**Student:** 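Once you've had a glance at the structure underneath, I'll fire off some questions.
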Amino acid sequence: MLYYELSAKRQSMEVGKVVSFRISCDKSLSDISGGFAVNFQEDNEDYENIAFHFNPRAESSKVVLNTRIRSKWIKEHIFGDNKVKSDYYINPFKLTIEVKNKEHILISVNDKFITGYNCKLDITKVKYVCWANGVEIDRAD
């Protein structure tokens with residue numbers, strides 16, 4: 001997995017903060033049933049605990065949000081979006097997260113509010129953004 005440390009980009013997941021990321025991916029990833037994922041983690045090597053998992057899936061036209069605690073995924077938060085392929089795979093997009101409190105965030109894509117999400121881990125402890133090959137992520141201003 002690839003990653004960057006939030007503090008290196010002058011970002012943090014503090015209550016009241018808004019952080020944005022510019023994300024692009026190899027278009028061939030749209031053919032993979034599980035799509036691609038962006039994980040927000042306290043430790044870049046700890047895949048047993050993921051505070052926030054953002055996973056657009058082109059084949060099923062949905063976006064899955066989740067949290068992983070001690071190697072177990074909790075119940076998925078899923079929303080349908082018939083533009084998953086065009087909005088998340090064909091063109092780069094801006095993912096914005098507003099931290100409302102230690103367990104609740106608001107998600108926007110391309111400056112459009114999508115949904116709120118209740119993390120089951122303290123999102124303010126997140127130090128790393130992690131992703132797989134074929135995806136590129138940087139800070140969006």
Side-chain angles (χ1 to χ4, degrees), residues 1-26 28-141:
M1 289 291 260
L2 304 170
Y3 67 89
Y4 78 69
E5 190 169 359
L6 289 170
S7 63
K9 303 280 186 174
R10 295 185 183 180
Q11 292 177 306
S12 63
M13 301 297 275
E14 296 174 41
V15 173
K17 287 249 184 172
V18 176
V19 294
S20 295
F21 307 89
R22 183 183 177 281
I23 302 172
S24 58
C25 71
D26 185 311
S28 68
L29 294 177
S30 67
D31 297 329
I32 298 171
S33 64
F36 72 89
V38 179
N39 296 325
F40 295 81
Q41 302 169 203
E42 185 175 349
D43 180 341
N44 66 304
E45 295 181 0
D46 179 9
Y47 293 100
E48 294 179 3
N49 298 290
I50 299 170
F52 177 54
H53 173 79
F54 179 83
N55 177 216
R57 299 177 182 174
E59 284 192 353
S60 58
S61 296
K62 63 184 177 182
V63 178
V64 176
L65 310 178
N66 211 337
T67 298
R68 185 174 168 106
I69 302 172
R70 292 184 295 279
S71 298
K72 297 194 187 289
W73 292 106
I74 64 164
K75 184 178 178 183
E76 294 177 330
H77 178 91
I78 300 171
F79 62 92
D81 184 343
N82 61 357
K83 295 188 199 175
V84 169
K85 191 168 188 173
S86 63
D87 287 354
Y88 300 91
Y89 288 86
I90 294 175
N91 298 306
F93 67 96
K94 179 180 170 185
L95 173 66
T96 302
I97 300 170
E98 181 179 351
V99 182
K100 298 305 279 181
N101 62 50
K102 290 182 177 187
E103 291 184 349
H104 187 71
I105 56 178
L106 301 179
I107 311 299
S108 297
V109 174
N110 295 330
D111 298 319
K112 178 184 169 197
F113 175 73
I114 300 297
T115 190
Y117 179 72
N118 291 319
C119 303
K120 301 299 183 198
L121 292 174
D122 185 345
I123 195 72
T124 65
K125 291 184 178 181
V126 165
K127 304 287 185 243
Y128 295 91
V129 179
C130 305
W131 64 92
N133 287 327
V135 177
E136 292 182 22
I137 300 179
D138 203 354
R139 177 183 174 151
D141 294 318

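Note that this is a predicted model, so its numbers are computed, not measured. Count residues from 1 along the sequence. Values below: every heavy atom of this structure, side chains too, minus hydrogens, waters and symmetry copies.
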**Student:** Distance from Cys25 atom SG to Asn133 atom CG, nearest 0.5 Å?
**Tutor:** 12.5 Å

**Student:** Output the distance between atom CE (Met1) and atom SG (Cys130), rounded to the nearest 0.5 Å.
**Tutor:** 6.0 Å

**Student:** For Ser24, give me all partners under side-chain hydrogen bond (donor to acceptor under 3.5 Å, both in side chains), at least two apart in sequence or on another chain.
**Tutor:** none

**Student:** Stepwise, does the side-chain contact (heavy atoms from CB on, under 4.5 Å) test hold for Thr96 with Val109?
**Tutor:** CA-CA 6 Å; Thr96 302; Val109 174; over 6 Å; no

**Student:** Decide yes or no for Ile137 and Phe21: does some side-chain heavy atom of the first lie under 4.5 Å from some side-chain heavy atom of the second?
**Tutor:** yes

**Student:** Heavy-atom distance under 4.5 Å between the side chains of Thr67 and Tyr117, does that happen here?
**Tutor:** yes

**Student:** Please find the pair of heavy atoms, one from Leu2 and one from Val135, that lie closest to each other, and give the distance.
**Tutor:** CD1-O, 4.5 Å

**Student:** Ignoring hydrogens and angles, tell me if any N or O in the side chain of Asp26 forms a donor-acceptor pair with the backbone of Ser28 under 3.5 Å.
**Tutor:** yes

**Student:** Decide if atom CD of Glu5 counts as having more than 12 heavy atoms of other residues, nucleotides or ligands within a radius under 6.0 Å.
**Tutor:** yes

**Student:** What donor-acceptor contacts under 3.5 angstrom involve side-chain atoms of residues 72-86, with partners at least two apart or in another chain?
**Tutor:**
unit_1 : atom_1 : unit_2 : atom_2 : d
His77  : NE2    : Thr115 : OG1    : 3.1
Asp81  : OD1    : Lys83  : N      : 2.8
Ser86  : OG     : Lys83  : O      : 3.3

**Student:** When you compare the side chain of Phe113 with that of Glu98, does any pair of heavy atoms fall below 4.5 Å?
**Tutor:** no

**Student:** With a 4.5 Å limit on heavy-atom distance, are the side chains of Asn39 and Phe52 in contact?
**Tutor:** no

**Student:** Is there a side-chain contact between Ile69 and Asn49 in this structure, where contact means two heavy atoms from C-beta onward sitting under 4.5 Å apart?
**Tutor:** yes

**Student:** Distance from Met13 atom CE to Lys127 atom NZ, nearest 0.5 Å?
**Tutor:** 10.5 Å

**Student:** Taking side chain as C-beta onward, heavy atoms only, is Glu14 less than 4.5 Å from Val99?
**Tutor:** no

**Student:** Does Glu42 use its side chain to pair, donor to acceptor, with the backbone of Ala51 at less than 3.5 Å?
**Tutor:** no

**Student:** Would you say the side chain of Trp131 lies within less than 4.5 Å of the side chain of Tyr4, judging by non-hydrogen atoms?
**Tutor:** yes

**Student:** Classify the side-chain pair Arg57/Asn55 by whether it contains a donor and acceptor separated by less than 3.5 Å.
**Tutor:** yes

**Student:** Which pair of non-hydrogen atoms, one from Cys119 and one from Ile105, has the smallest distance, and what is that distance?
**Tutor:** SG-CD1, 4.0 Å

**Student:** Can you give me the closest heavy-atom contact between Val15 and Lys102, atom names plus distance?
**Tutor:** CG2-N, 4.0 Å

**Student:** Backbone N or O of His53 within a donor-acceptor pair of the Arg68 side chain at under 3.5 Å?
**Tutor:** no

**Student:** Would you say the ring centroid of Tyr88 lies under 6.0 angstrom from that of Phe36?
**Tutor:** no

**Student:** Gln11 and Val19: which non-hydrogen atoms are nearest, and at how many Å?
**Tutor:** NE2-CB, 4.1 Å

**Student:** Could you state the interatomic distance from OG1 (Thr124) to NZ (Lys17), rounded to the nearest 0.5 Å?
**Tutor:** 12.5 Å

**Student:** When you measure from the side chain of Asn118 to the backbone of His104, do you find a donor-acceptor pair of N or O atoms at a distance under 3.5 Å?
**Tutor:** no

**Student:** Indicate the atoms forming the closest heavy-atom contact of Tyr89 with Pro56, along with that distance.
**Tutor:** OH-O, 2.6 Å

**Student:** Take the angle between the ring planes of Phe54 and Phe93 and call it parallel below 30°, perpendicular above 60°, tilted in between.
**Tutor:** tilted

**Student:** So, taking the atom named OG in Ser30 and the one named CD in Glu59, what distance separates them when rounded to the nearest 0.5 Å?
**Tutor:** 8.0 Å

**Student:** So, for Leu6 and Val129, which heavy atoms are closest and what is the spacing to 0.1 Å?
**Tutor:** CD2-CG2, 3.5 Å

